[in-house]
Number of protein chains: 2
Amino acid sequence: MKTIEQLLESKNIRVTAMRLLIYKFLAEKEIAVTLSDIENAFEKADRTTLYRTIKTFEENVIVHQIDDGTGITKYALCEEGCNCDIKNDLHLHFHCNNCNETICLTEHKIPQIKVPDGFVSENVNLVVKGICDKCSG
Amino acid sequence: MKTIEQLLESKNIRVTAMRLLIYKFLAEKEIAVTLSDIENAFEKADRTTLYRTIKTFEENVIVHQIDDGTGITKYALCEEGCNCDIKNDLHLHFHCNNCNETICLTEHKIPQIKVPDGFVSENVNLVVKGICDKCSG
DNA sequence: ATAATTGATGCAATGGAAGTGCAATTATTA
DNA sequence: TAATAATTGCACTTCCATTGCATCAATTAT
């Protein structure tokens with residue numbers, strides 16, 4: 001079990017208070033968050049810092065972007081099984097039309113999608129929309 | 001074979017010159033277009049008019065939105081097989097990382113995606129990214 | 001036919017998210 | 001301790017999406 005400090009150091013990212021806080025914030029959340037979410041959680045910090053922290057995490061495959069169709073980019077920590085840096089990885093995310101939350105279904109893999117001749121598939125973005133377990137109860 | 005006029009009238013949308021032009025523009029395109037694309041094609045018209053025309057079309061299931069992950073909403077005419085108003089329809093779109101164009105692959109259906117217990121799938125948004133037939137040649 | 005009403009269009013402005021340049025601050029290394 | 005490099009905060013900018021309001025065109029009622 002790596003500490004957050006070790007994780008950051010292993011990727012040559014300097015350990016700062018801000019980064020630890022943002023990492024912990026993301027780790028506590030089960031859902032994907034927007035930059036505004038982070039902004040609201042850290043009102044003392046500057047938007048730009050939060051933005052750049054997330055970008056740093058993204059570049060180093062600590063978080064990955066999720067495009068759930070709401071028009072606002074969301075972010076979530078990469079988990080054990082997350083191969084979002086690998087081109088052919090299939091992301092599966094669920095967006096709840098009721099509570100508007102987006103969660104990663106990392107365990108649910110997607111079958112290979114066939115594309116017409118001449119097309120080369122490099123990456124697949126799949127978002128299932130509907131009602132999440134909390135809202136359907 | 002319905003004329004555009006008939007199509008609009010059947011949906012209680014007034015037939016205007018602008019609407020006919022935009023419809024024709026979309027019909028000629030095989031790819032999904034952004035509002036800016038339409039704007040560039042009709043420089044004399046106001047952006048708002050184009051925007052609201054597309055929105056009217058969207059509400060009446062004449063076009064559907066495509067979120068291909070570029071961050072900019074794209075639109076394409078609903079085709080014969082397009083059931084984008086039906087909840088369980090599976091949209092499949094292909095976004096070319098090279099030419100940045102997005103096309104509808106209406107003929108390519110996707111298998112039903114399984115979601116965990118408690119989750120209700122209403123809709124699936126699937127975007128395959130890669131290289132299109134024109135660019136891979 | 002004309003007035004009243006409804007819808008379409010154009011202009012101006014707003015809001016939100018994403019991104020950048022630069023100065024100041026903090027941490028690392030020489 | 002000085003020099004260097006990275007991080008943070010502030011101020012902007014840009015781009016897309018969206019709305020309010022006035023005007024113009026078209027439809028309906030009188």
Side-chain angles (χ1 to χ4, degrees), chain A residues 4-25 32-60 62-76 95 100 102, chain B residues 4-26 32-60 62-76 95 100-102:
Chain A
I4 307 172
E5 284 89 344
Q6 285 170 337
L7 173 69
L8 295 180
E9 278 165 6
S10 74
K11 291 172 187 281
N12 278 326
I13 303 169
R14 279 199 197 160
V15 177
T16 68
M18 204 66 252
R19 285 172 180 166
L20 290 174
L21 283 170
I22 293 175
Y23 189 97
K24 280 174 195 160
F25 175 75
V33 299
T34 65
L35 239 143
S36 296
D37 291 336
I38 303 175
E39 210 182 332
N40 292 334
F42 300 97
E43 295 195 336
K44 294 164 202 157
D46 188 76
R47 245 180 55 77
T48 317
T49 306
L50 304 173
Y51 172 76
R52 285 200 261 238
T53 301
I54 281 288
K55 286 291 160 193
T56 303
F57 283 0
E58 209 189 330
E59 283 160 20
N60 289 278
I62 293 169
V63 305
H64 64 263
Q65 254 190 310
I66 299 163
D67 177 7
D68 65 4
T70 53
I72 301 155
T73 307
K74 295 188 178 177
Y75 302 91
H95 176 75
N100 220 34
T102 300
Chain B
I4 307 173
E5 284 88 344
Q6 286 169 336
L7 173 69
L8 295 180
E9 278 164 6
S10 73
K11 292 174 186 280
N12 279 324
I13 302 169
R14 281 201 196 157
V15 178
T16 68
M18 204 66 251
R19 284 172 181 166
L20 291 174
L21 283 170
I22 293 175
Y23 189 97
K24 280 173 196 159
F25 175 75
L26 291 168
V33 299
T34 64
L35 237 142
S36 297
D37 292 336
I38 303 175
E39 211 184 330
N40 292 335
F42 300 97
E43 294 195 336
K44 294 163 201 157
D46 187 77
R47 209 189 136 72
T48 316
T49 305
L50 305 173
Y51 172 76
R52 286 200 261 240
T53 302
I54 281 288
K55 286 291 159 192
T56 303
F57 284 180
E58 207 188 330
E59 283 159 21
N60 290 278
I62 292 169
V63 305
H64 64 263
Q65 253 190 310
I66 300 164
D67 177 7
D68 65 4
T70 53
I72 301 153
T73 307
K74 295 188 177 177
Y75 303 91
H95 176 76
N100 220 35
E101 290 190 348
T102 300

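Keep in mind it's a predicted model, so treat the numbers as computed, not measured. Letters A, B, ... are given to chains in the order of the sequence lines, protein chains preceding strands, and every chain is numbered from 1. Values below: every heavy atom of this structure, side chains too, minus hydrogens, waters and symmetry copies.
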Q. Using a cut-off of 4.0 Å between protein heavy atoms and nucleotide atoms, how would you tag nucleotides 5-13 of chain C 5' to 3' with B, S and -?
A. -BSSBBBB-
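Within 4.0 Å (heavy atoms only), T34(B) reaches no atom of the nucleic acid at all.
Atom-to-atom distance recorded for I54(B):CD1 and Y23(B):OH is 11.5 Å, nearest 0.5 angstrom. Between atom CD of residue E39(B) and atom CG of residue D46(B) there is a gap of 8.5 Å, rounded to the nearest 0.5 Å. Note that OH of Y75(B) and CG of L26(B) are 11.0 Å apart. Values are rounded to the nearest 0.5 Å. Summarising the geometry, atom CZ belonging to R19(A) is positioned 6.5 Å from atom CD1 belonging to I13(A); distances are rounded to the nearest 0.5 Å. If you take NZ on K55(A) and CD on Q65(A), they are separated by 4.5 Å, rounding to the nearest 0.5 Å. In this structure, L21(A) CG and T53(A) OG1 are separated by 10.0 Å, a value rounded to the nearest 0.5 Å.
Partners of D67(B) by salt bridge (Lys or Arg N to Asp or Glu O under 4.0 Å), not counting sequence neighbours: none found.
Rounded to whole angstrom, the span from the NZ atom of K55(A) across to the P atom of dT8(D) amounts to 16 Å. In this structure, D67(B) atom CG and dC16(D) atom P are separated by 15 Å, rounded to whole Å. Atom pair E43(A):CD and dG9(D):C1' shows a separation of 16 Å (rounding to whole Å applied). Atom CZ in F42(A) sits roughly 18 Å away from atom P in dT7(D) (whole-Å rounding). Atom-to-atom, CD1 of I72(B) to P of dG19(C) comes out at 11 Å; the value is rounded to the nearest Å. Protein atom CD of E39(A) is 16 Å distant from nucleotide atom P of dG15(C), rounded to whole Å. The separation between I66(A) atom CD1 and dA17(C) atom P is 17 Å, rounded to whole Å. Put simply, CG on L21(A) is 11 Å from P on dT8(D), counting in whole angstrom units.
Partner assigned to dT30(D) is dA1(C), using Watson-Crick or G-U wobble distances below 3.5 angstrom.
Contact check, T73(A) against dA18(C): a side-chain N or O comes under 4.0 Å of OP1 or OP2. In this model, the phosphate group of dA17(C) is approached by a side-chain N or O of S36(A) to a distance below 4.0 Å at OP1 or OP2. Applying the 4.0 Å criterion to OP1 and OP2 of dA18(C), one finds that Y51(A) has every side-chain N and O outside that range.
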